[in-house]
Amino acid sequence: MDFSDNNVNEIFFVDGAETALNRDQKETLSSAAAHFIECFDIDDEVDVYISKKSVLHKLGGANALAWHVAPQYNRENHIVCVFVDPNETLKSMIISLAHEMIHAWQVNRGDMEGTNWKKQDYSHFTYQLQPWEIEAWYNMKQVARYYFEDRLPKASELSEMTARTDIAVKELNTKAGNLQLKNKVMKVAKVAGLVGLGALFGI
Amino acid sequence: MSKELTFEQWLDSEKKRDPAFGSHSNGYRKILYELYVEANTLIEKKGNAPEALVKLRLELVNISIIELAKLTKATLNAADLKDLMDVLPILESQAFKGKAVNEFLGNLSAEFKNAIVERVNASASEQKIKMDYSDSRINAKVDDLVATCIEMGRPILLTKLEIKDAGNFDGVNKSKIGKTKRWKD
C-alpha cells in the first residue's frame with residue numbers, strides 16, 4: 001500500500017471496503033473526516049483509509065478498530081485507518097474516526113511526537129494511560145457529536161479538552177512518580193482506578 | 001399444454017405465424033424446433049416458462065464492453081447538454097458539479113436503455129428470435145448494462161466538461177476528503 005503524501009487530503013476505500021460500503025456511507029465518512037479536520041484546523045495532510053478487517057488490520061493490532069500513524073521522515077501526511085466491521089454501525093466507525101483524528105490533532109498542535117507527550121517519554125506507560133490515548137478516549141464521542149450535530153467546537157471547548165488532559169497527565173505523573181507505582185503502571189493494565197483517574201475520565 | 005407438434009406441424013405453424021420463417025435454413029429450423037421441444041418438455045414437467053428460449057434470449061443480452069462503450073459514446077454525443085452546461089458555472093464546488101453530472105446521466109437512463117434494446121433486438125432479429133423484456137431476468141440484465149453505460153459515461157462527461165472528480169465514490173477507491181453530506185440518523 002502506498003502511503004505517500006501529495007498535499008491533498010484523501011479518503012481511500014481499500015481491501016474490500018470499496019464494495020462493502022455504499023455511496024452514501026462513503027460520502028458520510030468523507031464528510032465526517034472533513035468535519036474533524038475543520039474542527040481541529042489541522043493543516044497537515046491527512047489521508048484516511050477505510051479498510052475491511054484484513055491486511056491493514058494486522059498493522060494496527062488484532063483488536064484495533066482504527067489506527068493513526070503520524071508523519072514520518074519519508075512522508076508528511078498523517079495516515080488514519082478505520083475498519084469496516086460487519087458488527088459495527090456507521091456511527092461507531094465515525095467515533096473511531098474521531099478518535100484517530102484527535103491523534104492527528106495532537107501531532108499537528110505539537111503535543112505528541114512518537115511516544116513523547118510534551119517532550120516527555122511515555123513509552124513505558126500502558127496503552128490506557130498514555131496521555132494521547134486518555135485524551136482521545138475521553139473526547140472521541142464529543143468530537144463525533146460535532147459532526148452528528150453539524151457544528152464546530154468553540155475555541156474554549158478545545159482548550160477545555162487539552163486542559164483536562166493536562167490535569168490528568170499531571171495527576172498521573174504525581175501518582176506514578178513513586179518508582180514502585182511506576183512499575184505497577186508499566187505492568188498493570190487497569191491501573192486507572194489505582195491512580196485515581198477513574199473518577200476524572202470514567203475509565 | 002397442448003400435445004407436442006411434430007417437426008412438420010411445427011414448421012407449418014411457424015410459417016403461418018411468421019411468413020419470413022420460411023427463409024430460415026434447415027439447420028436453424030431444427031435448432032429452433034429442438035428449443036421448442038425442450039421448452040415444451042419443461043412446461044409439461046414443471047409448468048415453467050420455456051427455459052431454453054430464455055437462455056437464448058439472455059445470451060443475446062450480452063454486449064461486449066467495446067460495443068457498450070461505442071453505444072455510450074454515441075448516446076452522449078446525441079444528448080442535449082445545454083441544461084447541464086447552463087448550470088455548471090453557478091455550481092461552486094467540483095463535488096456539486098460531479099453530482100450534477102450524476103443526475104444528468106441518471107436522466108439519460110432511458111436513452112441508454114433504448115440504445116441497448118435496439119442493439120439487442122437487432123441481434124435477436126438476425127436469429128429470428130423475439131425478445132421478451134417483461135421477463136425479470138432479461139430486464140435485470142438490461143438494467144445492469146444501463147448501469148455500466150452510466151459508469152462509462154461519467155468520466156467521458158467529466159473530461160468533456162473539464163470537471164475534476166471530487167465526489168465520485170461508485171467504483172472508485174479514492175476521493176478527495178470533502179464535506180458533501182450531513183449526518184442522518
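Just so it is clear: chains get the letters A, B, ... in the order the sequence lines come, proteins before strands, and each one is counted from 1.
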Hey, does [Y] have a side-chain heavy atom less than 4.5 Å from the side chain of [X]?
X: A:Phe148; Y: B:Asp185; result: no
X: B:Trp183; Y: A:Asp150; result: no
X: B:Lys181; Y: A:Asp24; result: yes

### Task
Please assess B:Lys174 against A:Val8 for the test side chain to side chain contact (heavy atoms under 4.5 Å, CB included), listing each intermediate value before the final yes or no.
CA-CA 12 Å; B:Lys174 79 170 187 178; A:Val8 182; over 6 Å; no

Gap between atom [atom2] of [Y] and atom [atom1] of [X] - 0.5 Å precision:
X: A:Phe12; Y: B:Ser175; atom1: CZ; atom2: OG; answer: 9.5 Å
X: A:Phe36; Y: B:Ile177; atom1: CZ; atom2: CD1; answer: 11.0 Å
X: B:Lys176; Y: A:Ile11; atom1: NZ; atom2: CD1; answer: 14.0 Å

If you draw a 6.0 Å radius around [atom1] in [X], do more than 12 non-hydrogen atoms from other residues or ligands fall strictly inside?
X: A:Glu113; atom1: CD; value: no
X: B:Lys30; atom1: NZ; value: no
X: B:Glu118; atom1: CD; value: no

So for [X], is it side chain, backbone, both, or neither that comes closer than 4.5 Å to the heavy atoms of chain B?
X: A:Glu38; answer: side chain
X: A:Leu29; answer: neither
X: A:Leu21; answer: neither

#### Entry: Choice from A:Glu10, A:Lys91, A:His35 maximising heavy atom contacts with chain B below 4.5 Å
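Looking at each option in turn, the highest pair count goes to A:Glu10.
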
### Task
Could you tell me whether a side-chain N or O of A:Ser31 sits under 3.5 Å from a main-chain N or O of B:Thr180, the two making a donor and an acceptor?
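The answer is yes, because a donor-acceptor pair under 3.5 Å joins these two groups.
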
